[in-house]
4 protein chains.
Amino acid sequence: MTIWSFSQEAAMSKQARTPQAREERVRAIMAAALDQFSHAGFQAARLDDIAAQAGIAKGTVYLYFESKERLLEALVASAIGAPLEAMEKAVAASSAPASDLLRAFGAFMIQAADDPDRRRVMHLVFSEGARFPAIAQFHHREVISRGAALIRAIIARGRASGEFVHDEPERFPQLVFAPALVAAVWLHVFDPIEKLDATGMIAAHTEMLLRALKGEAK
Amino acid sequence: MTIWSFSQEAAMSKQARTPQAREERVRAIMAAALDQFSHAGFQAARLDDIAAQAGIAKGTVYLYFESKERLLEALVASAIGAPLEAMEKAVAASSAPASDLLRAFGAFMIQAADDPDRRRVMHLVFSEGARFPAIAQFHHREVISRGAALIRAIIARGRASGEFVHDEPERFPQLVFAPALVAAVWLHVFDPIEKLDATGMIAAHTEMLLRALKGEAK
Amino acid sequence: MTIWSFSQEAAMSKQARTPQAREERVRAIMAAALDQFSHAGFQAARLDDIAAQAGIAKGTVYLYFESKERLLEALVASAIGAPLEAMEKAVAASSAPASDLLRAFGAFMIQAADDPDRRRVMHLVFSEGARFPAIAQFHHREVISRGAALIRAIIARGRASGEFVHDEPERFPQLVFAPALVAAVWLHVFDPIEKLDATGMIAAHTEMLLRALKGEAK
Amino acid sequence: MTIWSFSQEAAMSKQARTPQAREERVRAIMAAALDQFSHAGFQAARLDDIAAQAGIAKGTVYLYFESKERLLEALVASAIGAPLEAMEKAVAASSAPASDLLRAFGAFMIQAADDPDRRRVMHLVFSEGARFPAIAQFHHREVISRGAALIRAIIARGRASGEFVHDEPERFPQLVFAPALVAAVWLHVFDPIEKLDATGMIAAHTEMLLRALKGEAK
DNA sequence: GATGAATGAGGCTTCATTCAT
DNA sequence: TATGAATGAAGCCTCATTCAT
């Protein structure tokens, strides 16, 4: 090992020369930013704190993100993850009864509500989306509208097969995912005051949904 | 000069020396503040703009509110209004079927969702509540928990009378008001992207709810 | 007594229509101002507090004083009082030994140091005089230079009569009143930390002074 | 490029990354602050002006001092300097006659009165000490009480050796340093009106003091 | 004359962003 | 590439002064 290579190694501990290292650093910054944005709100969060939490200097953030706002956007964009895609494929591929698919969707919502990062991003979008159209649009395009399409597909299939006799969620898919939104808000805002069993709530919701879709109004 | 024109003039006075004038000025400031907070978020909203919108000088705000934060709190506190009380009395007094009461609750939610100020306050609580425990607590105490009690009472009555055979909303009253929350968030965040018929959504939700509470899964 | 005269009386409780009442009010304002200026410093003192302490409304102060600064000036100007004049007359009239006159001057300084208002004014002049030439000039003209003249006259008389054989205070009358200045500063700044017996100090100073003026170095 | 030009450049750098540069910048800020505080008073002095005079941007001050108040405190704390320590050692080490030591103390006071910065700090303490206990305490602990101890030691020694037969300054050491205080105040407040030869005054004071300590009242 | 509500200039402090090292 | 010192615009809040009542 030469002196040169030694100093290079030393340098790498602080420098992101490889794509992996770069990606790793981006991830660290975004994780810190999510935490700070979530705690303090976008405006009140300080780049100083984000950098410190990410273990880097303040200026370094600007090597990876143009501005605080772009960091927020990148954050939201990176947080969708694949789960919806998995659900989409499952629905497309499976010939299971619509009830099962709806239950699977419920399980998916429970998963989402249980993941603190997912919840944080949702809350961030709900809180700041009005001010940063980019994140509202992104979230709508990548999450809301895909979720809505999925819901509509499931309901339509259930009606086609005769499983379901009602169709409200085809017109208002929000009625299906509303409890997931409630969980995101509640766990951020009201949890210190009154705990909420988000899993239980979503499970109960799923059962009610199924009864309401199948049932006859007396 | 008529009495009318006199009171008109008094209202337009630049000095609020009467209790009425004072109240009127407080209202004007809070209205402007709600608007600005709602558009820009609490942190980013500027006292300058609030004052300008209220038609007064910057310093005047501080004659009525100790600080920006207290203004937010007063805002949230003033916005509950009586409607819940009206519902509570109706439920206590009426011997109508639980279905009717639940439909009335649905109508109440529709009303709330239709009132832009109510929606704004809700969104403000959801957005800033985590940072300002006072407003989260206030809203929980005055709105959430009273709404939850109301819901539980209605469901319990329906089950007692045999109208309802299921009880999920007694454990999770959130399942009843979830669409109201969705409306508040959606109309602020996603409406420019995709319109939502909040009234229709809540009405549909009410119907599903009733079927789910009454119905037997086939 | 008519209704008219009754209301006039009522009005007089709050209005200063007579010269006496006016003077009384001026005094009240200046007393409050001295207190506030002294506690908080001229800049930090608030007209609000001064008015409140004087038992009047803020705007009323401006009926008696053009501005905060003029209030300070009037304050300092009003605070000399007659005592120096009394001393001057005594020295001019008396044929007592210079030692007695110097002791009388010492007693005068003790009196001044014991009067909180006098001390406050002195401290105010020392603190703010550089920023408000008017008060420095006024105090110099009415207090400092008259005191210095008095001291010089006493020393000169003592030297003429053979009582005193030294003359430093003729060149530096400050050496005579220095302890009075120390008392004013100390009692304001260091008294909470270490008490000072100003009377004892000035008395001791007077004795030393006399020895120094009379004495032969061995 | 010579070493000289290098350090010159370093000193002029716009970034203070070395300890020396940092120290230099702290010094520049404190110098500017002393000037502004001294001219305008603590409250009225503007951070803007301090920064401008120090040749930096307003925000930069806050990289070195938490607040305006801490800047004042640091200022006072940094201004003691070693001179008292030198005197203390001299008195402890020397076996010179007490008269010589007292004359040395006089020379020390003359030095202090001649140093504009020292005078300014003293005046600042006298003016603002009541409002900022930290600076009063600091100055009392580091200057006043050490000076008093020194004075007492000198007088005690002189009495032990028979040089001095009086003891007032042991009870009131203020009587020894009073003229230094007078000089600080006078040069700030009354000098534009009437010049004072502080050196002459203190010298005269020292001679009187010695006579008063040695002399017998006739 | 007396009041106190209203004004708005001004100051301390914060913090996103830049840039010399 | 990484750093963190420096910048300076911007915002909350204060308060001397004014003026309608």
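If you're wondering where the values come from, they're calculated on a predicted model, not measured in any experiment. Labels below follow one simple rule: chain letters A, B, ... track the order of the sequence lines, proteins then strands, and each chain is numbered from 1.
Between the side chain of B:Arg17 and the base of E:dT3, a donor-acceptor pair under 3.5 Å is found. Between the base of E:dT7 and the side chain of B:Lys58 there is no donor-acceptor pair shorter than 3.5 Å.
A straight line from CD of A:Glu69 to C1' of E:dC15 spans 16 Å, rounded to a whole angstrom. The distance from atom CG of D:Asp48 to atom C1' of F:dT7 is 13 Å, rounded to the nearest whole Å. Regarding B:Glu66, its CD atom lies at a distance of 16 Å from the P atom of F:dC12, rounded to whole Å. Atom OH of A:Tyr62 is separated from atom P of F:dA6 by 18 Å (rounded to the nearest Å). B:Phe65 places its CZ atom 15 Å from the C1' atom of E:dA5, with the value rounded to the nearest Å. Residue C:Ile50 contributes atom CD1, which lies 12 Å from atom P of F:dC15 at whole-angstrom precision. Rounded to a whole Å, the CD atom of A:Gln36 is 15 Å from the C1' atom of E:dA16. Rounded to whole Å, the distance from OH on B:Tyr64 to P on E:dT7 is 9 Å.
In this structure, the separation between CD on B:Glu69 and CD1 on B:Ile135 is 9.0 Å, given to the nearest 0.5 Å. With rounding to the nearest 0.5 Å, the separation of OG1 in C:Thr60 from CG in C:Leu47 is 11.0 Å. One distance of note links CZ of A:Arg25 with OH of A:Tyr64; it measures 5.0 Å at 0.5 Å rounding. Taken to the nearest 0.5 Å, the NZ atom of A:Lys68 stands 13.5 Å off from the CD atom of A:Glu73.
Side-chain proximity of A:Arg46 to the nucleotides E:dT3, E:dA16, E:dA5 is greatest for E:dA16. Proximity note for A:Leu63 (side chain, C-beta onward) versus E:dA2, F:dT1, E:dT7: the nearest is F:dT1.
Between D:Gly55 and B:Lys68, the residue anchored nearer the 5' end of DNA chain F, judged by the nucleotide with its closest heavy atom, is D:Gly55. Two residues, A:Ala57 and C:Leu47, neighbour DNA chain F, and the one matched to the more 5' nucleotide by heavy-atom proximity is A:Ala57. Nearer to the 5' terminus of DNA chain E, by closest-nucleotide assignment, is the contact made by C:Gly59 (compared with the other of D:Ser67 and C:Gly59). Taking for each of D:Thr60 and C:Val61 the nucleotide of DNA chain E with the nearest heavy atom, the 5'-most of the two is the partner of C:Val61.
The side chain of B:Arg25 places an N or O atom within less than 4.0 Å of a non-bridging phosphate oxygen (OP1 or OP2) of E:dA6. At the phosphate of E:dA5, neither OP1 nor OP2 sits under 4.0 Å from any side-chain N or O atom of B:Arg22.
In A:Glu24, the CD atom is crowded: over 12 heavy atoms of neighbouring residues, nucleotides or ligands sit closer than 6.0 Å.
Among the heavy atoms of the strands, none lies under 4.0 Å from C:Ala44. Residue C:Ala45 is classed as a sugar-phosphate contact, given heavy-atom separations below 4.0 Å to backbone atoms only.
When the options C:Leu72, C:Val76, C:Leu75 are evaluated for a side chain to side chain contact (heavy atoms under 4.5 Å, CB included) with C:Leu34, the one that passes is C:Leu75.
F:dT21 is paired with E:dA2 under the Watson-Crick or G-U wobble criterion, all donor-acceptor distances under 3.5 Å.
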